[in-house]
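Single-structure report; data block below.
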Amino acid sequence: MAQLDFWVMAVFALLIFTIGVTFTRVGSKSSQAFFEAGGETPWWINGLSLFISYFSAGTFVVWGSIAYKHGLVANTIQLTMAISGLLTAHFIAERWKRTGTRTAAEYIGLRFGTTAQQFYTYLILLLSLVNTSAVLYPVGKMVYVATPFSLNACIIAIGITIVLYTAAGGLWAVLVTDVVQFVVLTAAVLIVIPAAFGEVGGVNNFLSGTPKDFFEPFSQDYTAGFMLAFIGYQTVYIGGNWSYVQRYTSTSSERNAKKVAYLFSLLYLVSPIIWMLPPMVYRVINPSLQGLEAEGAYMMLCQQVLPAGLIGLVLSGMISATSSKANTTVNLAAVVFANDVYKKVISKNASDKTLVLIARLFTLVFGAGTIAVAMLVPYVGGIVNVVLSIAAVAGGALFAPIIWSLFSKRQTSFSVMTTTLCALGINLFFKVLGPSLLGLSLSRTAETIMGVGLPLLVLGLFELYYRSRNQYSPEALALERRQAEHHETTHHNHDHREAQRQNAFGVRVIVLASAAVGLGILVLGFLSERGSVTSVVGGIILAFSLFGLWRLREKSPSTQPLAEPREVKQ
């Protein structure tokens with residue numbers, strides 16, 4: 001990497017940090033501002049945030065490796081995410097908004113009681129700590145490989161930046177930085193693709209130089225059965241992961257909650273095709289990579305075809321993707337701890353300001369923990385694969401019971417906790433002890449089917465049992481009455497006006513930051529060799545941003561009255 005690449009990365013990191021600090025005052029106004037971003041955030045911001053926070057550097061490392069080895073299979077795998085997003089949009093997203101709660105933990109407390117709430121809260125916080133560490137480690141390693149800095153220094157620097165701006169601005173900081181990071185990542189990938197095809201000699205050379213079966217949608221390891229099972233798993237994960245639930249509950253209406261998931265689905269239908277092209281092209285340029293070497297195919301291509309400055313931009317884009325996934329989880333952990341541990345267990349009369357302070361302090365503590373665990377990865381070996389396995393084993397067990405309860409008034413705290421414990425126990429047995437005790441190792445397909453199918457089976461049996469006894473959960477009936485009252489009342493005009501002010505401020509920061517990104521990329525295009533594509537991409541971003549600024553001036557609240565909130569129609 002050249003010195004210009006380091007300057008690019010430093011400027012981008014400063015931009016993201018500045019955005020987070022910008023929302024310090026907004027996030028300090030109330031717990032609603034910090035936890036819900038006002039509760040009426042534009043659906044397109046939430047949709048972009050959901051999309052960008054769903055993947056990390058692993059998208060380019062893991063799926064990029066599969067794209068290099070197996071070609072179109074990588075796109076098929078990610079197509080399952082688009083299908084799962086569509087299912088979430090159609091069936092699940094609006095039901096989360098209908099609960100009238102701010103977080104999944106708050107819903108569990110109302111629906112199943114304090115015991116179940118604490119049970120799931122501690123499990124989710126533990127899983128979030130390990131998962132965030134596993135996300136932070138690979139991006140730290142990518143920067144370590146491309147720079148002269150030590151691995152621990154890279155992990156600490158990236159981790160501190162994420163933690164500080166998340167603690168400063170709350171959910172608004174997360175949402176806005178996610179959108180800006182989406183712009184940077186998209187620009188970086190669009191710049192790489194023409195350079196890759198130029199290096200391979202054009203599209204025809206690429207098509208003729210690929211191996212046999214390179215464009216087959218399935219492979220021996222990734223069968224059609226695996227894809228179907230993966231759709232089930234991804235639906236449960238997108239629809240039930242506590243971090244993503246915030247994206248549905250912080251919109252203004254059930255209709256907008258659905259739009260969030262629809263936008264996620266649309267982007268995942270198109271974007272992976274663009275993402276996976278570079279490692280597929282690199283297979284023709286350099287077909288000699290073996291084993292784990294394929295994980296570096298994306299960055300190897302970038303280093304071969306991009307001039308100074310643009311490598312830093314691409315690396316910044318990959319860091320963006322990872323940062324987005326990490327900041328989403330860190331913010332969720334802080335919200336859950338403040339609302340569902342501190343307020344429920346430690347100080348039941350805590351004020352709004354106290355809760356925001358506690359959330360910020362916990363963000364720092366939780367962030368320090370993730371950095372520490374990430375730094376331990378080299379000493380325990382293979383933790384990334386272990387964590388991914390834990391996520392696969394635990395995803396259905398933790399999220400499926402709660403999603404089921406959105407549709408059923410019969411499930412009780414006993415049934416959902418029993419389902420979670422049963423599924424976790426059996427899945428872990430077959431994952432950890434099965435190979436040694438039984439000589440049985442489940443295939444990817446079987447493991448995925450069991451991870452999702454087992455909790456659904458147990459829940460189905462409980463549903464039939466309660467139905468046979470004509471039994472309903474008292475908490476479910478009470479929550480139903482609460483929801484009816486929630487939909488019969490609108491927000492006070494003051495709250496609605498404050499939410500609109502926050503929205504206007506958030507959009508303005510997004511547009512200004514995007515304009516800065518576009519201008520920076522445009523300058524890089526002029527400074528770099530073969531920078532014509534870069535200049536075009538930067539110019540387009542800058543033009544759209546300037547148009548956005550003009551539109552914001554036309555719609556300025558000082559010249560137009562704020563609309564009164566409308567009652568949600570069922």
Side-chain angles (χ1 to χ4, degrees), residues 34-37 41 45-56 58-59 81 84-85 88 92-93 96-97 99 101-108 117 120-136 162-163 165-167 169-179 181-182 233-251 257 260-261 263-264 268 320-341 359 362-363 366-367 369-370 387-388 390-392 394-396 398-400 402-403 406:
F34 191 89
F35 301 146
E36 294 184 272
T41 50
I45 292 181
N46 282 20
L48 289 175
S49 175
L50 176 62
F51 170 73
I52 193 74
S53 63
Y54 196 68
F55 59 92
S56 66
T59 298
M81 301 171 191
S84 298
T88 299
I92 300 174
W96 277 116
K97 181 61 182 177
T99 65
T101 56
R102 296 192 289 188
T103 65
E106 181 183 349
Y107 165 76
I108 293 171
Q117 184 186 49
Y120 282 105
T121 294
Y122 295 132
L123 283 177
I124 291 295
L125 287 177
L126 178 62
L127 186 65
S128 298
L129 176 68
V130 182
N131 279 344
T132 307
S133 301
V135 168
L136 186 58
I162 294 171
V163 169
Y165 76 69
T166 303
L171 185 56
W172 260 122
V174 173
L175 293 175
V176 173
T177 53
D178 282 353
V179 176
Q181 287 161 343
F182 168 79
Y233 166 72
Q234 296 294 335
T235 302
V236 169
Y237 196 74
I238 297 168
N241 184 291
W242 289 17
S243 301
Y244 307 145
V245 168
Q246 278 184 295
R247 302 302 182 268
Y248 314 133
T249 59
S250 62
T251 57
V260 170
L263 179 57
F264 169 92
Y268 248 110
S320 297
T322 302
S323 299
S324 178
K325 190 177 185 71
N327 68 25
T328 295
T329 306
V330 170
N331 176 256
L332 179 277
V335 171
V336 168
F337 180 83
N339 278 323
D340 305 301
V341 176
F362 185 77
T363 298
F366 186 85
T370 62
V387 169
L388 291 176
I390 290 175
L398 289 176
F399 304 134
I402 308 306
I403 291 178
L406 295 173

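Given the structure is predicted, the values throughout are model-derived calculations rather than measurements.
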The side-chain hydrogen bond (donor to acceptor under 3.5 Å, both in side chains) partners of S133 (sequence neighbours excluded) come to none

query = Excluding sequence neighbours, so at least two apart, what forms side-chain hydrogen bond (donor to acceptor under 3.5 Å, both in side chains) with S84?
reply =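 Listed in chain order: T235.
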
Self-check item: Heavy-atom side-chain contact between I124 and F399 under 4.5 Å
Solution: yes

Taking side chain as C-beta onward, heavy atoms only, is L398 less than 4.5 Å from W242?
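A side-chain contact under 4.5 Å is absent here.
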
Okay, side chain of T41, backbone of S250: is any donor-acceptor separation there less than 3.5 Å?
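Yes: the side chain of T41 pairs with the backbone of S250.
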
Q | Side-chain (T363) to main-chain (A359) donor-acceptor, under 3.5 angstrom | A |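 Side chain of T363 to backbone of A359: a pair is present.
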
- Message: According to ring-ring contact (aromatic ring centres under 6.0 Å, His included), who are the partners of Y120, at least two apart in sequence or on a separate chain?
- Response: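 If we apply the ring-ring contact (aromatic ring centres under 6.0 Å, His included) test to Y120, skipping adjacent residues, there are no hits.
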
Residues at least two apart in sequence or cross-chain that pass ring-ring contact (aromatic ring centres under 6.0 Å, His included) with F362, listed by chain then number, are F337, F366

Distance from [X] atom [atom1] to [Y] atom [atom2], nearest 0.5 Å?
| X | Y | atom1 | atom2 | value |
| --- | --- | --- | --- | --- |
| F264 | T88 | CZ | OG1 | 7.5 Å |
| S49 | L263 | OG | CG | 11.0 Å |
| I92 | Y244 | CD1 | OH | 14.0 Å |
| I238 | S243 | CD1 | OG | 13.0 Å |

Heavy-atom pair with the smallest gap, counting every atom of [X] and [Y]:
| X | Y | result |
| --- | --- | --- |
| Q246 | R102 | CG-O, 4.3 Å |
| W96 | G239 | NE1-O, 2.7 Å |
| A105 | T121 | CB-OG1, 4.1 Å |
| A261 | A93 | CB-CB, 4.4 Å |

Among all residues two or more places apart in sequence or in another chain, which pass the side chain to side chain contact (heavy atoms under 4.5 Å, CB included) test with V260?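 Applying side chain to side chain contact (heavy atoms under 4.5 Å, CB included) to V260 gives W43, N46, L50, R247, Y248, T251.
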
